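This one's a predicted model, so the numbers in the text were calculated from it and none came from an experiment. Labels below follow one simple rule: chain letters A, B, ... track the order of the sequence lines, proteins then strands, and each chain is numbered from 1.
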2 protein chains.
Amino acid sequence: MITLYDVAREAGVSTATVSRVIHGQDRVRDVTRQRVNEVIERLGYVPDGAAQSLSRRRKEIIGFVCVESRARQYDVENMNLLYYDEVMRGVGAGVSDSGWSLLITYLNGENGQDFPRLRNLSGKVDGMLIGHAVVPSPLLARLTERVPVVVIAGAPGETTVDVVTADNRSGSAALVTHLIEAHGRKRFYHADGPAHVADLKERRLGLERVIRAHPGCRVIGSFPGELSVQSGVEAGESLLASHGASLPDAVVAANDQMAIGILQALTQAGVRVPEDVALVGFDDIYPGCLSDPPITTVHQPMRMLGERACIRLMDRMVRPGLRPRAEVLPVDLVLRSSCGCPPGTAMRLPVTPVRGSRLARTGNGAAGLSTADGVARTARAARPQRAPRSQPAEITES
Amino acid sequence: MITLYDVAREAGVSTATVSRVIHGQDRVRDVTRQRVNEVIERLGYVPDGAAQSLSRRRKEIIGFVCVESRARQYDVENMNLLYYDEVMRGVGAGVSDSGWSLLITYLNGENGQDFPRLRNLSGKVDGMLIGHAVVPSPLLARLTERVPVVVIAGAPGETTVDVVTADNRSGSAALVTHLIEAHGRKRFYHADGPAHVADLKERRLGLERVIRAHPGCRVIGSFPGELSVQSGVEAGESLLASHGASLPDAVVAANDQMAIGILQALTQAGVRVPEDVALVGFDDIYPGCLSDPPITTVHQPMRMLGERACIRLMDRMVRPGLRPRAEVLPVDLVLRSSCGCPPGTAMRLPVTPVRGSRLARTGNGAAGLSTADGVARTARAARPQRAPRSQPAEITES
DNA sequence: GGTCTTAATGTAAGCGCTTAGATTCCAAAA
DNA sequence: TTTTGGAATCTAAGCGCTTACATTAAGACC
């Protein structure tokens with residue numbers, strides 16, 4: 001292995017000079033620089049990352065923790081991972097902009113039995129990005145005291161750790177408002193996910209608030225699913241079994257995977273979507289636009305979640321000790337045809353934050369409308385595809 | 001920051017002892033061990049990765065290089081990335097089994113202008129995994145002289161670097177054989193991808209060989225696409241424009257993305273799949289089973305590609321200097337209904353390697369049949385879903 | 001009690017790099 | 001010629017860990 005010393009010796013200079021040449025900054029005579037560069041090239045020298053990290057007291061690596069699906073073999077539920085893959089791409093972009101690297105760790109379970117590995121990881125990175133609820137809170141805290149940590153997608157009310165998340169509540173409200181006001185749907189079925197997932201709690205809140213605000217509207221049943229296509233199929237079957245005689249007007253699924261499963265089950269049973277029953281998802285993962293009908297959903301800015309989380313983390317590394325904040329990113333309503341909009345519809349509309357969503361406080365251009373009504377109106381008025389976006393909101397928890 | 005010295009001092013022992021306690025191996029009196037462990041716990045000590053790497057002369061990190069799609073914003077073509085995401089998951093599994101870490105780097109272009117970053121990366125890892133053609137050959141060679149490198153998915157005939165790839169040729173042959181022998185298709189349209197992609201070259205070879213072996217069969221046209229859904233739509237439109245009057249019997253797409261695009265274009269034009277024209281894809285990315293009809297394709301063992309590449313790399317790090325080898329993994333034929341099989345078909349059949357494919361040499365249970373015929377027969381005989389798999393073939397290039 | 005053996009622990013030399021501070025060089029000023 | 005003030009370069013002290021080797025402690029045995 002070629003070291004700095006080899007280069008220095010060969011070029012007849014000191015290691016300090018070589019180091020300076022490599023980092024380009026300091027004043028080195030041109031002739032010296034040239035000589036050194038030539039030797040570096042000839043010897044194929046590449047600085048050792050570990051030694052650099054040790055010496056600089058900075059690794060320039062950030063860690064990203066994913067949950068590995070339990071089942072290793074190819075499996076439809078891998079689609080779950082689409083979400084994190086997209087987030088990761090955002091992180092990747094954020095990280096490499098600054099020339100840093102991304103260290104990925106796949107955890108096996110969500111229950112934190114892998115904590116020793118995580119802890120160990122914290123010695124290899126300058127900061128960590130973790131999906132919400134991937135690591136139980138108490139363990140998270142222990143991690144936080146070693147390295148800066150930013151949690152991606154979680155409760156916007158979190159006060160103990162930095163969080164970057166999307167405005168799930170407003171998205172859900174916009175979706176339901178659209179179903180009610182644009183398509184006159186009144187009786188809803190809710191294909192929900194696990195009760196404890198923070199994002200879902202918010203979606204539930206959005207849904208309930210809108211329902212309550214519209215007299216005559218109600219939820220006629222719900223299914224406790226688990227966010228997978230398979231689980232969606234089960235939700236669909238359960239729906240048919242319990243409400244087959246009088247179908248709801250619309251099914252609101254906790255995410256797109258479930259919506260896809262539900263669509264399969266309904267179609268299988270000869271129920272037409274959206275004629276017999278409307279259907280909406282959440283997240284806007286790609287396959288959602290492939291089904292027939294394509295699924296109306298809410299676009300989560302997954303990529304941007306990754307990027308913002310990364311930026312937040314970098315900031316925390318520079319100025320540690322600031323009070324944790326939550327950053328809530330705006331979402332878009334994505335109208336396709338499973339909600340009842342005409343076939344061929346493909347519209348993407350910024351969602352106006354609802355009252356109580358973290359975004360609402362800072363507001364954006366259209367803010368001030370009392371609820372998601374604004375969105376429904378916008379929806380009918382076929383705005384241009386790429387409407388101007390509001391800035392993400394920065395809120396200090398207090 | 002807490003260091004080993006802090007722990008040693010606090011516990012009243014030497015750093016050597018602490019180090020021994022941490023690594024569990026050496027003989028340390030139980031009482032000492034306990035005392036040290038307690039201090040470690042109390043202080044929340046975590047060893048510094050950089051220092052460990054430097055001292056051990058091993059980083060226990062392997063690098064994985066991806067190509068970042070040029071367009072950063074959300075974009076249907078991200079689906080391209082499904083492939084690498086899946087591979088990466090395999091790599092992740094392989095890596096974490098051994099307790100190592102995975103360093104991801106997103107490159108912007110495929111043309112190697114990012115080489116300095118790559119080169120630098122090689123100083124931070126013990127080995128690298130690179131997608132085929134992501135890095136131009138000459139640059140690859142320069143990388144190889146610094147760290148072990150394994151290329152994923154590429155020409156099985158490669159002799160200058162280690163490669164782990166899938167048996168594209170046999171997969172493609174099996175697909176076309178199935179179309180001919182099970183569904184009597186004779187006139188083919190080929191929606192191809194870029195000419196230089198190694199995997200596609202293999203697929204082309206498989207296609208051509210089977211066509212040639214069946215008198216009366218021929219390719220009536222082809223489209224030079226670029227593996228994206230959009231490109232598939234264009235291929236479909238081009239097909240309709242040039243052969244609308246007398247459609248081919250079947251369209252063979254270079255990958256599933258293109259097949260999906262083609263399906264959209266055909267459906268749009270009122271052409272029925274598979275009644276009017278059969279359609280097949282390649283890769284078996286998840287959304288392929290969501291379309292209507294679901295797309296018949298060839299399953300690439302993406303996850304396993306990642307795992308095997310990882311294993312190969314580990315091996316290379318232990319015993320460098322061995323002659324580069326290619327490892328070709330078997331593929332499965334995935335029958336759904338876009339090929340003409342009845343709706344509801346969902347069958348997965350191991351593909352018998354064709355002559356000339358690298359796998360054929362070592363063969364598997366069914367090897368010895370002269371071509372892919374064996375597959376076609378198997379296909380009709382509705383075997384159990386999970387048939388026993390042959391071992392991947394190890395071939396030393398010579 | 002002394003000697004020997006072995007288990008337990010300590011000492012200190014790196015690993016390859018960065019960088020503060022010391023030194024040398026060189027040309028302009030005196 | 002001698003000063004002198006930068007610019008260019010060098011010296012060497014870490015960074016936090018591992019580990020070969022040295023030392024000490026504790027029995028075992030005579």
Open item on the list: Less than 4.0 angstrom between a side-chain N/O of S19(A) and OP1 or OP2 of dT18(C), yes or no?
Closed with: yes

Task: Nearest non-hydrogen partners of H132(B) and A198(B), listed with the distance - done: CE1-CB, 3.3 Å

Open item on the list: Categorize G12(A) for me: base, sugar-phosphate, or nothing, with a 4.0 angstrom heavy-atom threshold over every strand shown.
Closed with: sugar-phosphate

For nucleotides 13-16 of chain D, list the nitrogen or oxygen atoms of the protein found under 3.5 Å from its nitrogen or oxygen atoms, one pair per line.
from, atom 1, to, atom 2, distance (Å)
dG14(D), N2, S55(A), OG, 3.3
dC15(D), O2, S55(A), N, 3.4
dG16(D), N2, A51(B), O, 3.4

Task: Partner of C310(A) under side chain to side chain contact (heavy atoms under 4.5 Å, CB included), chosen from I152(A), L305(A), V95(A) - done: V95(A)

Task: Backbone N/O of T15(A) and side chain of S19(A): donor-acceptor pair under 3.5 Å - done: no

TODO: Would you check if E86(B) and M304(B) make a side-chain contact, meaning some heavy-atom pair closer than 4.5 Å?
DONE: no

- [ ] Could you tell me the separation between the CZ atom of R20(A) and the C1' atom of dT9(D), rounded to a whole number of Å?
- [x] 6 Å

Task: Angle between terminal axes - the helix from dG1(C)-dC30(D) to dA30(C)-dT1(D), 5 pairs each end, rounded to 10° - done: 60°

Task: Between P of dT11(D) and CZ of R9(A), the distance in whole Å - done: 14 Å

Task: Matching residue for D48(A) among R57(B), K59(B), K124(B), R58(B) - test: salt bridge (Lys or Arg N to Asp or Glu O under 4.0 Å) - done: K59(B)

Task: Whole-Å distance separating the CZ atom of R33(B) from the C1' atom of dA8(C) - done: 11 Å

- [ ] Could you check how far CG of D30(A) sits from P of dA8(D), rounded to whole Å?
- [x] 9 Å

TODO: Return the value, rounded to whole Å, for the distance between atom CD of E60(A) and atom C1' of dC17(C).
DONE: 13 Å

Task: Nearest heavy atoms of F64(B) and V91(B), plus distance in Å - done: CE1-CG2, 4.1 Å

Task: Nucleotide of dC10(D), dT11(C), dT18(C) approaching S14(B) most closely (side-chain heavy atoms) - done: dT11(C)

Open item on the list: Testing the 3.5 Å rule here: is there a donor-acceptor pair between the side chains of T32(B) and Q34(B)?
Closed with: no

Open item on the list: Using side-chain heavy atoms (C-beta onward) and a distance below 4.5 Å, is R325(A) in contact with R316(A)?
Closed with: yes

- [ ] Determine: side-chain N/O of S53(A) to OP1/OP2 of dC17(C), distance under 4.0 Å, yes or no.
- [x] no

Open item on the list: Given 3.5 Å as the limit, does a donor-acceptor pair link the side chain of D97(A) with the main chain of G94(A), or not?
Closed with: no

Task: Touch class at under 4.0 angstrom, heavy-atom based, for G49(B) against every strand present - done: nothing

